[in-house]
Amino acid sequence: MTKLPKAWYMDGRLRHLALADYEGTTPRWCPGCGDHAALATVQRLLRDEQIPPDQAVVVSGIGCSSRFPHYIHTYGFHGLHGRPLPIAEGVRARRPDLHLFVVTGDGDCCAIGTAHWIHSIRYNMKMTVMLFDNNIYGLTKMQTSPTTPKGGRSNTHPEGAPLSPLNPLSITLSIANVSFVAQTADWVPAHFASIVKRAHAHPGLAFIRVLQRCPHYMDHHWEPIQSDPRRQLLLFHPEGVPAQANDQRAFPERLEHDPSDLARAREVASRTDVWPLGVLYRNPCAERYDLDTAVGLGMSGADKLAALERELTQFEV
Amino acid sequence: MTKLPKAWYMDGRLRHLALADYEGTTPRWCPGCGDHAALATVQRLLRDEQIPPDQAVVVSGIGCSSRFPHYIHTYGFHGLHGRPLPIAEGVRARRPDLHLFVVTGDGDCCAIGTAHWIHSIRYNMKMTVMLFDNNIYGLTKMQTSPTTPKGGRSNTHPEGAPLSPLNPLSITLSIANVSFVAQTADWVPAHFASIVKRAHAHPGLAFIRVLQRCPHYMDHHWEPIQSDPRRQLLLFHPEGVPAQANDQRAFPERLEHDPSDLARAREVASRTDVWPLGVLYRNPCAERYDLDTAVGLGMSGADKLAALERELTQFEV
Amino acid sequence: MSSASMPEGSSSVAVQRVREHIVEFVCDSGEGAQTAGQLLGTVAAKSGHGVWTVEIIPAEIEPPVRSRAGASGNRVRMGRDAVTNMGDGADVVVAFNEQVLYSRIDVGAFKRGTVILLERKWAEDQSQVVRAAYADAIVEFGKVGYDVVEVPMEAECMRVVEDPRRGKNIWALGMVTWLYDLDVATVETELGKKLRSKGEDVVARSLELLSAGYSWAAGHLRFRYRVDCAPRDEARVVMNGNEALALGTMAAGIEVCSMYPITPATSVSHYLARSLKNVGGFVHQAEDEISAMGFAVGAAYAGKTPVTVTSGPGLALKSEFIGLAVMAELPLVIIDVQRGGPSTGLPTRVEQGDLLTALFGQPGDTPKIVIAPSTIEECFHDVVLARKLAETFRGPVILLSDANLATGQQPFRRPVPNEAWLSPPVDRCDWDPQVPPFAWDPETGLSSRPIPGQTGGAHVVTGLAHDERSRVAYESPVNQRAIAARSRKLATLFKSLRAPAIHGADHGELLVVGWGSTRGAIEEAVDRIRADGGAVSSVHLRFLSPLEPGLADIFRRFERVMTVEVNYSDDADDPTVPKEARRYAQLAWLLRARTLCDVECWSRVPGMPLPPGTIETELRARLDAVGVSSARSEGPPQGRGASA
Amino acid sequence: MSSASMPEGSSSVAVQRVREHIVEFVCDSGEGAQTAGQLLGTVAAKSGHGVWTVEIIPAEIEPPVRSRAGASGNRVRMGRDAVTNMGDGADVVVAFNEQVLYSRIDVGAFKRGTVILLERKWAEDQSQVVRAAYADAIVEFGKVGYDVVEVPMEAECMRVVEDPRRGKNIWALGMVTWLYDLDVATVETELGKKLRSKGEDVVARSLELLSAGYSWAAGHLRFRYRVDCAPRDEARVVMNGNEALALGTMAAGIEVCSMYPITPATSVSHYLARSLKNVGGFVHQAEDEISAMGFAVGAAYAGKTPVTVTSGPGLALKSEFIGLAVMAELPLVIIDVQRGGPSTGLPTRVEQGDLLTALFGQPGDTPKIVIAPSTIEECFHDVVLARKLAETFRGPVILLSDANLATGQQPFRRPVPNEAWLSPPVDRCDWDPQVPPFAWDPETGLSSRPIPGQTGGAHVVTGLAHDERSRVAYESPVNQRAIAARSRKLATLFKSLRAPAIHGADHGELLVVGWGSTRGAIEEAVDRIRADGGAVSSVHLRFLSPLEPGLADIFRRFERVMTVEVNYSDDADDPTVPKEARRYAQLAWLLRARTLCDVECWSRVPGMPLPPGTIETELRARLDAVGVSSARSEGPPQGRGASA
Ligand SMILES: Cc1ncc(C[n+]2csc(CCOP(=O)(O)OP(=O)(O)O)c2C)c(N)n1
Ligand SMILES: Cc1ncc(C[n+]2csc(CCOP(=O)(O)OP(=O)(O)O)c2C)c(N)n1
Ligand code: SF4
Ligand code: SF4
Ligand SMILES: [Mg+2]
Ligand SMILES: [Mg+2]
């Protein structure tokens with residue numbers, strides 16, 4: 001099979017973009033790792049939306065999941081552990097033109113990155129944030145993460161994690177100015193795709209927690225949920241992910257949930273009997289800090305110099 | 001008036017401890033600063049509970065409020081900006097014997113200290129944490145804090161803060177393993193005192209948000225609330241702060257709120273019409289990490305050496 | 001009785017011409033001495049004087065009244081020539097109470113003969129304690145040789161206004177206006193400008209107070225000065241170092257200032273928060289310094305060279321991200337307004353303690369450019385320079401200012417900004433996908449990069465070891481090559497630099513090397529000794545990384561070389577420190593390693609600028625110790641310290 | 001045809017006695033070569049050999065099979081004498097496929113004559129691509145001079161088990177057992193121990209595989225070695241550096257290990273997470289490195305000297321708290337297992353890039369003790385030492401290990417812990433309130449402090465400038481005195497140190513200075529050259545701050561002095577780098593400033609340990625360059641580089 005060359009730039013902005021246009025280097029995640037599915041989902045979104053690879057930026061932290069930018073052909077920034085959000089905010093501040101995605105892990109976001117996570121929600125700058133939550137530190141070989149269930153064994157807690165896990169959804173929903181919160185899983189690709197699509201279209205920061213399998217260190221960890229449809233609660237609503245004809249089979253447990261209802265969203269997020277899948281909350285009218293940071297973009301050099309002269313004059317003696 | 005010398009240690013453990021025993025250097029807060037009241041409240045608690053000054057430790061960050069340890073006569077640790085909680089956790093880890101207090105500010109706790117705040121709640125190590133929330137950075141001369149109301153002017157936002165403030169109560173209540181959350185204000189000293197007393201007795205981390213006046217930079221800021229009793233909602237309950245005979249006058253708005261009800265606590269915390277004052281949540285049975293960290297305290301040298309020999313033997317060739 | 005006492009009604013007084021004078025206004029915080037001092041500074045500058053104004057700041061926000069530690073105010077040094085530092089003992093001090101003077105005395109702000117114009121109302125205070133304290137002070141001050149002139153300031157003000165505590169400062173300014181024979185119209189204009197926003201009433205009343213103070217002085221003081229003035233025709237601006245950094249940021253076309261508040265750097269961003277939008281930018285106050293730096297890194301990556309402003313503790317927190325900026329070759333400017341250290345240290349005080357951490361603060365090899373302005377004017381221009389360096393050499397540039405420059409005010413030639421100073425707009429052209437994002441030139445280490453959005457340039461920036469294409473690379477040769485390329489950039493910059501200029505003769509007995517804010521004081525000390533024939537010269541470094549060329553050559557032409565710095569070193573003669581274990585001042589340490597000359601140092605950590613007189617004394621002692629306090633006229637000696 | 005080919009049925013083979021040999025097992029990750037290698041290492045150690053074992057780790061967690069970058073396994077160097085490093089080219093390699101060998105070749109792991117025992121099943125693989133790749137490799141390997149012996153490993157295993165992919169490693173170990181004439185009973189015992197937990201069946205099957213491999217080798221290989229053995233009667237332990245650090249922590253009586261995971265340091269805490277409770281302690285995994293360090297600071301304050309374990313990026317984040325620990329004089333131990341840098345760099349790889357940041361990583365003056373173990377044994381003992389130093393000198397002690405020590409395994413004398421090594425219990429006596437918490441001894445800078453709970457000791461610890469009573473102090477003399485007191489402690493420690501021992505003659509042509517994990521390789525290189533009469537010696541520094549005494553004296557006795565380090569320096573002969581701009585390796589930079597000798601350096605950042613042979617070549621080149629490759633017998637020359 002003869003492929004078109006990947007970097008077929010001559011008319012890249014005219015021709016139809018294919019999945020191959022978004023292929024980066026060969027993914028090096030373990031076989032069966034949930035990150036593979038996530039990668040494919042985002043690549044498909046870009047293809048479906050026909051976003052030129054050079055107009056998209058994927059920022060990540062450090063962790064298995066954070067290798068994502070290497071495997072997708074867009075601009076990418078594989079940053080520091082815990083710090084993808086500040087970097088992404090800096091990108092967004094003056095670049096309303098770019099399609100911006102953030103990939104982070106449960107250690108990256110909910111441990112070392114906690115402060116940035118909390119504040120990024122409040123800043124609400126337009127970007128799609130995907131938290132790949134495998135309930136473990138993958139890259140550094142199996143240490144407890146803030147979402148590791150109580151009693152879960154790891155190399156730092158060989159006798160089991162001593163504390164109940166943080167609930168990233170509950171916390172996110174308690175932050176001022178939160179504007180989009182959703183949950184999906186790597187094993188429900190269609191659902192994942194519709195969530196990402198919704199998130200990408202959202203005018204603000206869309207936070208998606210992705211339940212992610214790590215067969216290498218957490219083999220069978222999500223299996224009880226994955227294999228028991230009654231433990232997955234599908235949220236549907238015209239304003240979130242609309243109900244689909246064939247939902248019934250895959251998701252016997254369903255809830256019509258209005259994503260504009262924050263109090264209900266918080267309740268749903270707190271449920272421990274089921275794992276909600278869907279858009280928990282959505283407020284397209286939340287204040288957007290990126291609209292503030294974009295002031296004066298494109299001011300001319302002459303105008304700047306004139307303003308500068310006025311400033312200097314104030315100091316003249 | 002001839003005072004007893006402050007450092008009257010000869011029989012310090014036998015005699016009655018007076019307020020003067022808890023006097024540190026002269027407070028250097030501005031006149032009218034709410035921190036003065038807070039200091040007095042904590043000093044009275046120590047006196048009432050007859051806690052020897054040398055058995056108490058006050059850890060703080062950096063900020064006006066964080067100067068607190070200098071002004072109280074106990075062991076004190078005036079730490080780094082944003083970092084009092086990790087320090088306090090390290091103190092508590094192996095010292096169940098000490099009475100431990102943490103003083104932090106809205107910048108200290110909710111900006112630079114965010115990650116530690118969130119995780120300290122989950123660790124739930126026994127300590128009394130007081131967040132002095134003046135909605136501003138005092139020490140560095142009036143910059144926006146995460147709790148500054150939207151539109152509030154400051155030196156970093158001369159045209160007004162662009163975003164809605166974080167709600168420290170809502171966030172704290174959304175964290176796994178939260179065990180005690182209360183709110184009080186510097187201008188209701190009796191209420192403040194009963195909250196601190198309850199907090200100090202609580203078996204776990206007690207988080208108190210103190211609404212604090214900063215006349216220097218936020219003159220009249222809390223006045224509308226302070227002067228309008230209908231904007232303060234007194235929470236009472238036998239398990240929180242019990243109803244008092246004379247509440248009626250001071251607090252026309254009252255709510256019987258069961259502090260074991262987390263969902264209700266979250267609702268109360270989210271109210272924007274009134275400022276709840278009282279214990280929002282209390283769970284004396286939450287897991288306590290400090291019980292884990294205290295393992296093996298006091299193991300004898302001989303036992304340690306024996307265990308060490310066993311370890312070494314595993315490596316013998 | 002004071003030599004400057006005030007016979008009622010003395011009218012015409014001979015004006016004493018002086019080349020320069022130092023005037024201080026000190027009071028409790030909130031009494032307005034700062035306003036009076038600033039106005040005096042502005043008027044002096046307007047009048048064509050060289051000026052250095054420095055704030056006297058209390059340690060607390062609202063210190064108690066009449067407290068020793070509470071001194072608040074301003075020092076104004078004005079002279080015929082350019083004034084480059086705060087100078088030594090004050091000539092004239094206006095004080096609203098005697099207690100605040102003690103902290104000034106403690107820091108050596110006065111000298112024998114300093115004239116103190118002191119509010120005398122305390123002599124009749126209700127409180128016996130206050131009266132006694134006042135009386136004691138007068139005696140004490142007299143003993144140490146200050147010339148105390150008691151002035152009934154509030155009493156006189158009360159002839160004009162009801163509450164004398166508001167406006168006393170203006171009355172005092174009036175007194176000083178007469179004392180220095182300043183142009184009354186100029187003072188009035190400046191006063192009007194300053195108070196305009198407070199309404200006409202306030203302005204009117206103030207003008208009255210000014211005139212009252214003036215008249216009183218004319219009627220009562222029997223000494224009067226006039227500071228010589230050199231004619232100047234250039235347009236000048238006067239500002240402090242932090243304002244200069246802020247304006248420099250605007251002049252550099254920087255659109256993003258990302259910061260977290262920290263003393264003494266914050267006022268840079270306060271200024272920018274008000275003004276950066278006027279040139280199309282904004283200030284981001286992040287949740288902490290790490291995030292502020294991350295935001296800057298993101299903006300740099302996206303094509304907008306940003307600035308982040310901080311001080312010691314914040315710099316420490318930015319450390320990991322600085323390493324990333326070096327590794328990923330992202331252009332940004334880090335302004336570190338140094339304060340007293342270590343740790344939280346002395347937040348409002350002066351130190352030059354961050355030099356080595358600026359160079360070596362990150363794990364692994366992190367070559368980066370470090371520059372230090374030495375005047376207020378350089379604060380302005382060095383931001384423009386820093387942005388260009390950051391972009392040309394693709395990496396972070398650290399600019400080390402300090403609390404001395406931050407709060408010192410000085411007039412300088414009004415800059416004439418031009419478009420070449422501004423950051424160029426983000427490149428939107430297509431990128432040739434054949435050109436890798438790190439096409440390191442083997443000779444220079446330089447390369448250019450595609451910015452997100454540029455068609456054909458998609459690549460992944462990473463802090464992991466990477467090759468030219470920015471692909472993660474674990475191979476030894478790639479790692480060696482990449483690290484060498486990043487290092488090479490410093491050599492490239494080095495080759496474009498000139499040897500530093502020598503202040504004084506190009507050979508001699510003693511060479512003093514300095515960096516940053518000490519320049520003015522060092523050069524003044526050198527000039528004084530040279531005026532007496534001492535063979536001292538100095539060199540001041542603006543580039544600390546890479547170090548400027550030609551240093552060993554210069555050093556070899558002097559018998560001894562030493563640095564003078566405001567950071568810690570063990571004293572050479574400290575009996576508790578074996579010579580072999582001696583810890584040197586920070587620049588000295590660098591210069592020793594670089595040149596192998598036995599570079600000596602004298603450094604102190606007083607939390608204050610080193611006054612020229614103190615430096616002078618130190619330098620003279622060194623010369624005296626070897627019996628060469630006069631100039632040598634022979635040719636350059638063979639450098640003893642140099643081995644290369 | 002290979003010189004080591006296998007005539008079917010050859011039976012008795014002459015055993016070749018060797019002084020030492022290097023054996024590698026390499027395979028795809030998950031195929032068990034690591035187990036085989038570790039067992040070989042253990043058996044060799046048990047047999048009384050000197051041993052150095054090092055893991056071969058792929059960059060990814062699950063790299064694809066048969067990939068060039070995927071090599072996983074173990075290198076075992078065993079010898080008659082103590083083995084101190086991984087050595088040069090391997091003598092024998094057991095490989096499960098030919099592709100993984102390429103990455104080994106790339107890093108120079110093999111030499112002419114290396115015997116490669118290669119799984120031959122790929123010759124008959126279904127895939128044409130695989131067969132071709134295999135055939136190509138055989139040819140290629142032959143060309144560069146490797147001795148390839150094709151071994152039907154899986155085929156032979158299948159005679160014993162059904163799935164040969166499980167157990168092939170044990171079969172190979174059997175082969176090697178025969179090849180090195182190892183004691184079969186010892187191998188069997190160790191194998192049993194290792195697999196015990198997997199059940200009897202697994203053990204039994206493994207013993208069968210072992211014996212099958214042994215028999216096959218006996219029947220087919222026509223070469224056999226025996227590594228000489230020196231008799232040893234002391235008890236020995238074998239472990240890697242991270243395990244030694246963990247055990248040292250336990251032996252030091254440290255009760256608190258506060259950490260955040262980071263490669264390659266994490267395994268220290270993995271070990272402690274399992275075992276620290278056995279000696280009454282616990283591991284705290286914090287939410288980030290800042291918090292881990294804060295927790296340690298709190299524990300130190302409360303009387304429990306803690307340890308925190310990290311690597312470069314984590315060290316950067318701890319920087320602000322390190323400054324506080326210096327300022328507040330809190331005893332704690334920071335273990336930095338250095339990795340490749342800068343930034344995220346090369347997380348699993350070797351570098352010594354954190355020396356300067358350990359010394360200068362904080363703003364302001366932060367004198368602190370920095371030590372570096374140079375052997376696995378020192379990893380153990382240096383933690384005990386570090387805790388004592390931290391407590392005696394009241395401050396943080398940084399211990400610089402690296403990825404080389406972390407993963408290298410070496411036998412050493414079994415330590416005999418005693419109570420004096422353990423941390424003393426928290427003092428609960430009353431404190432004399434007259435004694436301030438910082439009663440700095442003017443000569444030594446030392447003081448002792450009250451711990452919370454001690455009656456009479458209440459005081460406030462602060463990162464602000466403070467006086468003896470820990471009261472915030474802004475006065476110049478107090479700040480000067482306090483900073484001097486903290487600095488003085490380094491001088492005090494310095495006075496108690498001895499000059500470092502010289503490896504080799506105490507004078508000569510060339511002195512090599514090293515620090516940390518390079519010791520073994522440097523000394524081996526030096527020994528080889530000395531054996532040929534070269535006048536080379538070496539010195540290895542354990543204390544980096546303060547630097548050990550007597551260095552300038554020692555340096556003066558050599559014609560030239562150079563450091564060998566695994567961090568970046570510009571090469572002396574690099575035409576793009578002016579000599580004056582040359583960036584030196586990190587220790588070299590320190591030594592130049594300290595001694596003013598023209599200390600040269602040779603350093604590389606290969607992400608790997610420097611093999612002794614590579615160092616040897618470099619050193620010989622230096623000697624050859626000046627035509628003095630043989631020993632000089634005259635007395636010590638006048639040092640040219642020294643000026644003091
Ligand atoms: C400052 C810093 N601390 C620690 C590390 C080591 N580290 C890398 S990834 C990681 C955790 C990864 O866990 P997670 O974020 O859950 O991602 P996953 O690997 O599970 O996808 C850690 C601790 C680092 N690279 N930098
Ligand atoms: C690392 C670091 N960053 C910044 C600062 C400067 N700083 C000191 S206090 C403070 C904020 C104080 O505000 P808050 O916590 O609300 O306390 P308040 O003064 O209002 O009581 C800041 C930014 C610092 N000391 N250290
Ligand atoms: S370790 Fe886990 S998270 Fe990481 S690549 Fe493998 S399966 Fe995925
Ligand atoms: S500035 Fe505000 S918070 Fe600080 S001491 Fe003054 S009143 Fe209190
Ligand atoms: Mg994870
Ligand atoms: Mg505040």
Separation of B/Phe77 CZ from D/Leu324 CG (nearest 0.5 Å): 4.5 Å

Kindly list each side-chain donor-acceptor pair under 3.5 angstrom involving residues 290-300 of chain D, sequence neighbours excluded, with atom names and distances?
{"from": "D/Ser291", "atom 1": "OG", "to": "D/Glu287", "atom 2": "OE1", "distance (Å)": "3.3"}
{"from": "D/Ser291", "atom 1": "OG", "to": "D/Glu287", "atom 2": "OE2", "distance (Å)": "2.9"}

Under 4.5 Å from any heavy atom of chain B - which part of D/Phe412: neither

For chain D, the option from B/Ile72, B/Val91, B/Ile62 that forms the most heavy-atom pairs under 4.5 Å: B/Val91

Atom of D/Thr455, atom of B/Asp54 and distance for their closest heavy-atom approach: CA-OD2, 3.3 Å

Residues in residues 110-119 of chain B near chain D [non-hydrogen atoms, under 4.5 Å]: B/Ala115, B/His116, B/His119

Heavy-atom contact with chain B under 4.5 Å, split by part of D/Asp288: side chain

Part of D/Val283 within contact of chain B (heavy atom distance under 4.5 Å): backbone

Geometric class of the B/Tyr75/D/His459 ring pair [parallel <30°, tilted 30-60°, perpendicular >60°]: perpendicular

Contact origin within D/Glu190 toward chain B - heavy atom pairs under 4.5 Å: neither

Nearest-0.5 Å distance, CD of residue D/Glu320 to CG of residue B/Leu80: 4.5 Å

With B/Tyr289 via ring pair (Phe, Tyr, Trp, His ring centres under 6.0 Å) - residues at least two apart: B/Tyr123, D/His284

B/Ser300 portion near chain D, given a 4.5 angstrom heavy-atom threshold: neither

Contact class of B/Thr74 relative to chain D, heavy atoms under 4.5 angstrom: backbone

B/Glu316 vs D/Lys46, salt bridge (charged side-chain N to carboxylate O under 4.0 Å, His left out): CA-CA, chis, key distance, verdict: CA-CA 9 Å; B/Glu316 204 171 68; D/Lys46 284 250 178 233; over 6 Å; no

Interatomic spacing from CG in D/Leu422 to CG in B/Leu305 - rounded to 0.5 Å: 5.0 Å

Close contacts, residues 94-101 of chain B versus chain D, judged by heavy atoms under 4.5 Å: B/Arg94, B/Arg95, B/Asp97, B/Leu98

Nearest-0.5 Å distance, OG of residue D/Ser423 to NZ of residue B/Lys304: 7.0 Å

Structural part of D/Val256 lying under 4.5 Å from a heavy atom of chain B: side chain

Side-chain donor or acceptor of D/Arg414 paired with backbone N/O of B/Glu309 under 3.5 Å: yes

Side-chain touch D/Glu255/B/Leu297, heavy atoms, less than 4.5 angstrom: yes

Structural part of B/Val295 lying under 4.5 Å from a heavy atom of chain D: both

Heavy-atom closest contact (D/Phe321 atom, B/Arg83 atom, distance): CZ-CB, 3.3 Å

Interatomic distance, D/Trp421 atom CH2 to B/Leu308 atom CG [nearest 0.5 angstrom]: 8.0 Å

Residue pair B/Glu311 / D/Ser275: nearest heavy atoms and the distance that separates them: OE1-OG, 3.2 Å

Donor-acceptor under 3.5 Å (D/Tyr301 side chain, B/Gly90 main chain): no

